[in-house]
Amino acid sequence: MHDDRIPAGLDLFAAIEALKAERNAVVLAHYYQEGDIQDVADFVGDSLGLSRKAAETDCEVIVFAGVHFMAEVAKIVNPDKTVVLPDLNAGCSLADSTPTGAFKAFLDERPDHKVVSYINCTAEVKALSDVICTSSNAVDVVNLFPPDQPLIFAPDRNLGRYVMEQTGRDMVLWNGSCQVHEVFSEKKLMQLRMRHPDAVVVAHPECEPHILRHAEHIGSTTSLLNYVRTSPLKTFIVLTEAGILHQMKKAAPDKELIAAPPEGNCACNECPHMRLNTLEKLYLALRDLTPVIEVPDAVREAALRPLTRMLALDLGAA
Ligand code: 13P
Ligand code: SF4
């Protein structure tokens, strides 16, 4: 349905390019955005790459085509810049699983533990953490701590379990999960493998352990993209949000890419939060410089410390 705030017949792609120059704006997009948004973005990446780009930019305005916690990161590292998110309701089930009060009580019960938080959490939860990680560098970040240091890992229990397996260390896990990466069906995956015996399975570590055990390669979205691009093999079954296939097709047009099916007959391998952003909303965000992301100063300063700790590490650059 046409949005009355947008002139009829407007070429959105051209209008967005003109506004980017006029506003001195950069558009950063996550791989889980719809294809058109990825195509107008100045940079498309995973959470780590996007955080780095946000920290580096000279532009006055950052349009963050992703979800709320990602735009918050851009604001935390750029308090003097304007950060807009095309749809302010673009949240995340992982960030939602970690209410600040309950998380603080959980930490208070374990005062001897250091806290490693996955970037998919609110600024308030980051402010309570010792270091932030992403799916690109979680194993390396955990390995920075001496083996006898008790650790809490939050909020993704699946990534936490994967990191425990990779590092061989025990951690206390917060019980959160990604609603998209938990929908994949093992039965349908096995059926797909039978139909495509030469296919390689690649998976994001937010998937559940019974899914990950079928994967030949596990990694962040950038890592999965690079694996598909550089592999000599031809067919891939991809277990992550289906938006990544847009970049995979561009990077490896000769390869056969199969988005792994969810349990039900739904499009739930598309993140409903990420997909709230549209090209129309992105145009409006650039034109009207709203909705803006604000983070209260005290939270921002406390969240910046563990975030800077991660960004200063030369780890996990895919
Ligand atoms: P990465 O961007 O680290 O691959 O994580 C995927 C994700 O779920 C982001 O919300
Ligand atoms: Fe959050 Fe999962 Fe959506 Fe990523 S894909 S934003 S982790 S709900």
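Indexing begins at 1, ligand by ligand and atom by atom, following the structure's order. Values in this document were obtained by computation on a predicted structure and should not be read as measured data.
Here CG of Leu239 is found 11.5 Å from NE2 of His204. Values are rounded to the nearest 0.5 Å. To the nearest 0.5 angstrom, Glu294 atom CD is 8.5 Å from Thr82 atom OG1.
Aromatic rings of Phe103 and Trp174 (six-membered ring for Trp) have centroids within the 6.0 Å cut-off, being under it.
Within the structure, the closest approach of His30 to ligand 2 does not fall below 4.0 Å when heavy atoms are considered.
Lys188 places a side-chain N or O within 3.5 Å of a backbone atom of Glu263 that can act as its donor or acceptor partner. At distances below 3.5 Å, not a single donor-acceptor pair connects side-chain atoms of Lys234 with backbone N or O atoms of Glu256. Checking side-chain atoms of Arg300 against main-chain N and O of Ile76 turns up a donor-acceptor pair under 3.5 Å. Side-chain atoms of Asn78 come within 3.5 Å of backbone N or O of Ala74 as a donor-acceptor pair.
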Pairwise, report which nitrogen or oxygen atoms of ligand 1 are under 3.5 angstrom from protein nitrogen or oxygen atoms, and how far apart they are.
{"residue": "ligand 1", "atom": "2 (O)", "partner": "His30", "partner atom": "NE2", "Å": "2.7"}
{"residue": "ligand 1", "atom": "2 (O)", "partner": "Ser47", "partner atom": "N", "Å": "2.8"}
{"residue": "ligand 1", "atom": "2 (O)", "partner": "Ser47", "partner atom": "OG", "Å": "2.9"}
{"residue": "ligand 1", "atom": "3 (O)", "partner": "Ser135", "partner atom": "OG", "Å": "2.6"}
{"residue": "ligand 1", "atom": "4 (O)", "partner": "Ser135", "partner atom": "OG", "Å": "3.3"}
{"residue": "ligand 1", "atom": "4 (O)", "partner": "His204", "partner atom": "NE2", "Å": "3.0"}
{"residue": "ligand 1", "atom": "4 (O)", "partner": "Thr221", "partner atom": "N", "Å": "2.9"}
{"residue": "ligand 1", "atom": "4 (O)", "partner": "Thr221", "partner atom": "OG1", "Å": "2.8"}
{"residue": "ligand 1", "atom": "5 (O)", "partner": "His204", "partner atom": "NE2", "Å": "3.2"}
{"residue": "ligand 1", "atom": "8 (O)", "partner": "Glu206", "partner atom": "OE1", "Å": "3.3"}
{"residue": "ligand 1", "atom": "8 (O)", "partner": "Glu206", "partner atom": "OE2", "Å": "3.0"}
{"residue": "ligand 1", "atom": "10 (O)", "partner": "Asn120", "partner atom": "ND2", "Å": "3.3"}

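Pairs engaging residues 59-78 under the salt bridge (charged side-chain N to carboxylate O under 4.0 Å, His left out) rule: none recorded [sequence neighbours left out]. Applying the salt bridge (charged side-chain N to carboxylate O under 4.0 Å, His left out) test to residues at least two apart or on different chains, none of the pairs has a partner in residues 109-133.
Under the 4.5 Å side-chain heavy-atom criterion for ILVMFWY residues, no single connected hydrophobic cluster contains both Leu128 and Phe153.
If you look at atom 3 (Fe) of ligand 2, the protein N, O or S atoms less than 2.8 Å from it are Cys271 SG.
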